[in-house]
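The chains referred to below are lettered A, B, ... by the order of the sequence lines, with proteins before strands, and numbering in each begins at 1.
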2 protein chains.
Amino acid sequence: MLDRVEARLLVVDDEPNIRELLSASLRLSGFEVVTAVDGREAMQFAERIRPDLVVLDVMLPDMDGFAVAGRLREMSGQMPVLFLTARDGTDDKVAGLRVADDYVTKPFSLEEVLARIRAVLRRTRGDLDLPARLQVGDLELDEEAHQVWRSGVPVRLSPTEFKLLHYFMVNSGRVLSKAQILDHVWNYDFGGDAGVVESYVSYLRRKVDTAEPRLIHTLRGVGYVLRPPHSD
Amino acid sequence: MLDRVEARLLVVDDEPNIRELLSASLRLSGFEVVTAVDGREAMQFAERIRPDLVVLDVMLPDMDGFAVAGRLREMSGQMPVLFLTARDGTDDKVAGLRVADDYVTKPFSLEEVLARIRAVLRRTRGDLDLPARLQVGDLELDEEAHQVWRSGVPVRLSPTEFKLLHYFMVNSGRVLSKAQILDHVWNYDFGGDAGVVESYVSYLRRKVDTAEPRLIHTLRGVGYVLRPPHSD
DNA sequence: GGAAATGTTCAGCTTCGGCTGAGCTTCGTT
DNA sequence: AACGAAGCTCAGCCGAAGCTGAACATTTCC
């Protein structure tokens, strides 16, 4: 996951915090990232670096995100775009963009953004390096179908449970601290403490990790790991 | 580990004790270190020396560590940052920055800081001089998985045992005094005496060094060494 | 608008790791 | 061989970390 450049991304947002948050964590996930603060810069950089995908805030100081998307597409046939929008659905333009590509509402969780980016790249590049189906031990997770099996038996998970398990599976074999989990799986504006992670790990265990050998391990004082059965 | 400049670091903290502690021990570990006391100086020096990584206290007298990080990145595309933060998670700014790169909470142990610095450099430079998996004799330690094997058999270690073994392995073949071990493996505010080191060496031996040939040796009146089997 | 599902907090309980101190062993010196 | 210093190990205490059930809040979906 980390050692390879998965794709080149252009991140466009005028809020520095969001820009930093996205660019840093996308880099950590192996993407090459360039950032722009407004539409003008976005066009400039896009021309220069020819990104595989653009992450684009709908509200920009100088021009409308849709206008930017339009001009990006004029420039290069079909440039995939992932829009970032405010949560309140009052904006009627949002209806239109539902169709266009894909979008994520603010405040988002990093897991959400990463999942969408991978989905878009999978579609537009037929990229099989980014498999839609994850497997660890006898646990299987299908991103597109949004479904999980343990030993072939389907398991019903709530959205948060699903995101948490997904995060575990993408990082299987790697220790994840509660803070790290909180930062990736929960929305970036979540104010609560890490206790909620404990709760959800508990739920997850109950639903997918009741049988031996156990896959989710607690490392006291460190965090959690999802470990495939043979390697422990 | 010692004979080569691993990387150039900029350490930014207004507390002289922390600054000295870090810069001295980072130099001993082979890094080239420049220090700054506030954000203004940090920007100045960063421009001049182009560090490979910045160790940055979140609370600075003149500006927010976050702001400094932002301006550092503006200056040089992607400048990796390791944040130092206070333990209490009540600071709401922390929520955002946790994600950004990596962070260590005060009071830290030097082992912790060094491990994080190496991890960040490994990621950002694809640096394979700094392997994630250590090996001495038939002892293996995986930092990411936070796991240890002896002769291929997994061993469960507590966090402190793990840090101690890690310190031994990074310094294998080198004699380490109890004071040195205390300074590196325990938090800098630890008040206790060196007896605790004896205890933990004892625990470690029981868990990973029961079989011949023994790897952990006592040098009476001097300290301990982890020595690979052939070279003694 | 109401029911069901999901998300979050909290408190009681359990488990585990960190540390200490005491008693014992080993080592080196005379 | 005898002594003291250094090191080893163990039992036990304490507090921190983690688990889970239940209460409460919020959202979603009919």
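- Atom CG in Leu182(A) sits about 13 Å away from atom P in dG18(D), given to the nearest Å.
- Distance, Arg206(B) CZ to dG17(C) P: 13 Å, rounded to whole Å.
- Between the side chain of Arg174(A) and the backbone N or O of Glu144(B), no donor-acceptor pair lies under 3.5 Å.
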The test is side-chain hydrogen bond (donor to acceptor under 3.5 Å, both in side chains); show your working for Ser29(B) and Arg118(B) and say whether it passes.
CA-CA 11 Å; Ser29(B) 294; Arg118(B) 292 200 194 96; 4.9 Å; no
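- Comparing dT20(D), dG18(D), dA11(D) by their nearest atom to the side chain of Tyr203(B) picks out dA11(D).
- Side-chain atoms of Pro159(B) lie closest to dG18(C) of the nucleotides dG18(C), dC8(D), dT9(D).
- Within the nucleic acid shown, Phe162(A) has no heavy atom closer than 4.0 Å to any nucleic acid atom.
- The main-chain N or O of Ile216(B) is found under 3.5 Å from a side-chain atom of Asp209(B) such that the two form a donor-acceptor pair.
- In this structure a side-chain-to-backbone donor-acceptor pair under 3.5 Å is missing from Lys106(A) to Leu84(A).
- The CH2-P distance, from Trp186(A) to dT9(C), rounds to 10 Å in whole Å.
- Going from atom CG of Asp189(B) over to atom C1' of dG18(C) covers 14 Å, rounded to whole Å.
- No contact: Gly195(A) has no heavy atom under 4.0 Å from any strand.
- In this structure, CZ of Arg220(A) is placed 15 Å from P of dG15(D), rounded to the nearest angstrom.
- Checking dT20(C), dC8(D), dT15(C) against every side-chain atom of Ser199(B), the shortest atom distance belongs to dT20(C).
- Between dG18(D), dG18(C), dG7(D), one nucleotide has an atom nearer to the side chain of Tyr224(B) than all others, and that is dG7(D).
- Residue order along DNA chain C, read from the 5' end via each residue's closest nucleotide, puts Lys207(A) first among Glu198(A) and Lys207(A).
- Distance, Leu157(A) CG to dG7(C) P: 10 Å, rounded to whole Å.
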